[in-house]
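Have a look at the structure below, then the notes.
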Amino acid sequence: MKAAVVSEFDSAPRYEDFPIPVPAGQDQMLVDVLAAGLHPRVRSQADGSHYTSTGELPLVPGVDGVGRGPDGRLRYFVLPDTTAGAMAEQTVIDTRRSIVLAEGTDPVAVAAAMNPAMSSWVALRQRVSFQPGQDVFVLGATGNAGQMAIQVAKRLGAGQIVAAGRDADRLAALPALGATAIVPLGAADTAERLAKTAADVDVVLDYLWGPPAADAMAAIITSRADRGHPLSWIEIGSVAGPTAAIPSAALRAARLQIVGSGQGSVSTREYLAELGVLAGEIASGAIAVDARPVPLAQVEQAWAATDARHRIVLVP
Ligand SMILES: NC(=O)c1ccc[n+]([C@@H]2O[C@H](COP(=O)([O-])OP(=O)(O)OC[C@H]3O[C@@H](n4cnc5c(N)ncnc54)[C@H](OP(=O)(O)O)[C@@H]3O)[C@@H](O)[C@H]2O)c1
């Protein structure tokens, strides 16, 4: 079969022949892949930098996707750590890590949206006891996952939804998705604007980490009306840096708890519990991402396109 094949971690995958993987055990199934999302998680899998990487090569990247098995049913699947990923004409799935989609569901939309949407969905539903009416601050709201976080927070009943990001055009588009206030990052008055709009939020969904997280934390904590009011800071992504200089006083001066949300801190069982309802939200169009389908044969060009405006989906 044809697949996107990584032979060395410092070059993009290439469209090449790869052996068809073989199901082992009654829960495994060979599926024809219809769509597989090119998420940041997949890029870090393909360059060996993700924390789950074992260094084994060659590998076919792709952590999730939509496919059709011999039973004729359309499924969204999440793969376990494997060297035979979703960016191939066929892959082996574990049916216990899949859900059957209604016939007529757009495979590209689901493959594009599940990974970025799951990041905030699972954070709010599994990592904190989020209640409707609570206020949310999305740090790094201009990427695909951040844009979906605004929609997810709204869908789950958030009150105020403050969105901060760098790209001015995409930031300006966020109120249409549900943001009640927007704050440009890197401006002279960023801290002041955060103090005005986000001081009293209940939950932070942080896609950036690094210096913007430390700066935003200082701005929020020092301006809270009630520092005894709980603030849950959920670390989800680290596009601005793998480490952040959090002052110790931040943890003493306010009722701040910092938790992470991702593979490991959220169990497979907890992820699986959320798949069905989230897929339904996406299939109905209630939560949407701008998906761009690209033929699998053009995987090298897809890899070179890093514009976060769209989520690329490879289509075998
Ligand atoms: N833990 C989880 O469950 C989970 C799930 C999905 C994604 N993630 C992580 O979440 C992060 C975002 O994912 P995504 O799918 O949204 O990626 P994406 O669509 O590629 O968006 C990334 C965004 O990061 C912003 N950015 C990059 N460097 C920045 C910096 N130094 N300061 C401020 N903004 C910066 C860019 O915004 P501008 O265009 O405004 O510059 C870009 O829009 C990634 O780290 C990803 O691995 C985690």
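In listed order, ligands and their atoms are each counted from 1.
Across Val42, Thr142, Val63, Asp206, heavy-atom proximity to atom 38 (P) of ligand 1 is greatest for Thr142. Counting only non-hydrogen atoms, the option in Val239, Val266, Asp290 that gets closest to atom 45 (O) of ligand 1 is Val239. If you check each of Gly143, Gly146, Gly262 against atom 22 (C) of ligand 1, the one with the closest non-hydrogen atom is Gly143. Summarising the contacts of atom 7 (C) of ligand 1 with Asn115, Leu38, Leu171, Asp169, the nearest heavy atom is found in Asn115.
With no hydrogens or angles considered, a side-chain donor-acceptor pair links His229 and Asp202 at under 3.5 Å. Gln28 and Asp94 form no side-chain donor-acceptor contact under 3.5 Å, judged by distance and modelled atom types alone. For the 3.5 Å distance criterion, the side chains of His39 and Asp64 qualify, holding a donor opposite an acceptor. In summary, the side chains of Thr105 and Tyr76 do not present any donor paired with an acceptor at a separation below 3.5 Å, with no hydrogens or angles considered. Between the side chains of Trp209 and Glu235, no donor N or O sits under 3.5 Å from an acceptor N or O.
Arg166 NH2, 3.5 Å is the protein heavy atom nearest to atom 27 (C) of ligand 1. The protein heavy-atom contact nearest to atom 20 (O) of ligand 1 is Ala308 CB, 3.7 Å. At the shortest separation from atom 9 (C) of ligand 1 among protein heavy atoms lies Gly237 CA, 3.8 Å. Atom 48 (C) of ligand 1 has Ile236 O, 3.2 Å as its closest protein atom, hydrogens excluded (heavy atom only). For atom 4 (C) of ligand 1, the closest non-hydrogen atom of the protein is Ser119 CB, 3.6 Å. Scanning the protein heavy atoms around atom 12 (C) of ligand 1, the nearest turns out to be Tyr207 CD2, 4.1 Å.
A side-chain donor-acceptor contact under 3.5 Å links Ser223 to the backbone of Ala219. Put simply, the side chain of Gln298 never gets that close to the backbone of Pro295: no donor and acceptor are under 3.5 Å apart. Judged by distance alone, with hydrogens and angles left aside, the side-chain atoms of Arg43 form no donor-acceptor pair with the main-chain N or O of Leu38 at under 3.5 Å.
Taking a 6.0 Å sphere around CZ of Arg73, one finds it holds 12 or fewer heavy atoms contributed by other residues, nucleotides or ligands.
Each of the atoms 1 (N), 2 (C), 3 (O) of ligand 1 lies under 4.0 Å from some heavy atom of Ser261. The Ser238 neighbourhood of ligand 1 comprises atoms 45 (O), with distances under 4.0 Å to a heavy atom of that residue. Close approach to Arg170 involves these atoms of ligand 1, each under 4.0 Å from a residue heavy atom: 39 (O), 43 (O). Near Ala145, with a cut-off below 4.0 Å to any heavy atom, the atoms of ligand 1 are 13 (O), 14 (P), 15 (O), 16 (O). Taking every non-hydrogen atom of Arg311 and a distance limit under 4.0 Å, the qualifying atoms of ligand 1 come out as 14 (P), 15 (O), 17 (O), 18 (P), 19 (O). If you number the atoms of ligand 1 from 1 as listed, the ones under 4.0 Å from a heavy atom of Asp167 come out as 38 (P), 39 (O), 40 (O). Close approach of ligand 1 to Leu208 (heavy-atom distance below 4.0 Å) involves ligand atoms 33 (C), 34 (N), 35 (C).
Any N or O atom pair closer than 3.5 Å counts here, and Asn144 shares at least one such pair with ligand 1.
A salt bridge links Arg75 with Asp71: the closest approach of a Lys/Arg side-chain nitrogen to an acidic carboxylate oxygen falls below 4.0 angstrom. Ion pairing between Arg155 and Glu281 holds under the 4.0 Å rule for side-chain N and carboxylate O.
Only the side chain of Pro40 comes within contact range of ligand 1, with a heavy atom under 4.0 Å; no backbone atom does.
A distance of 12.0 Å separates CD in Gln301 from OH in Tyr15, rounded to the nearest 0.5 Å.
Residue contacts with ligand 1 do not include Met118, since none of its heavy atoms lies under 4.0 Å from the ligand.
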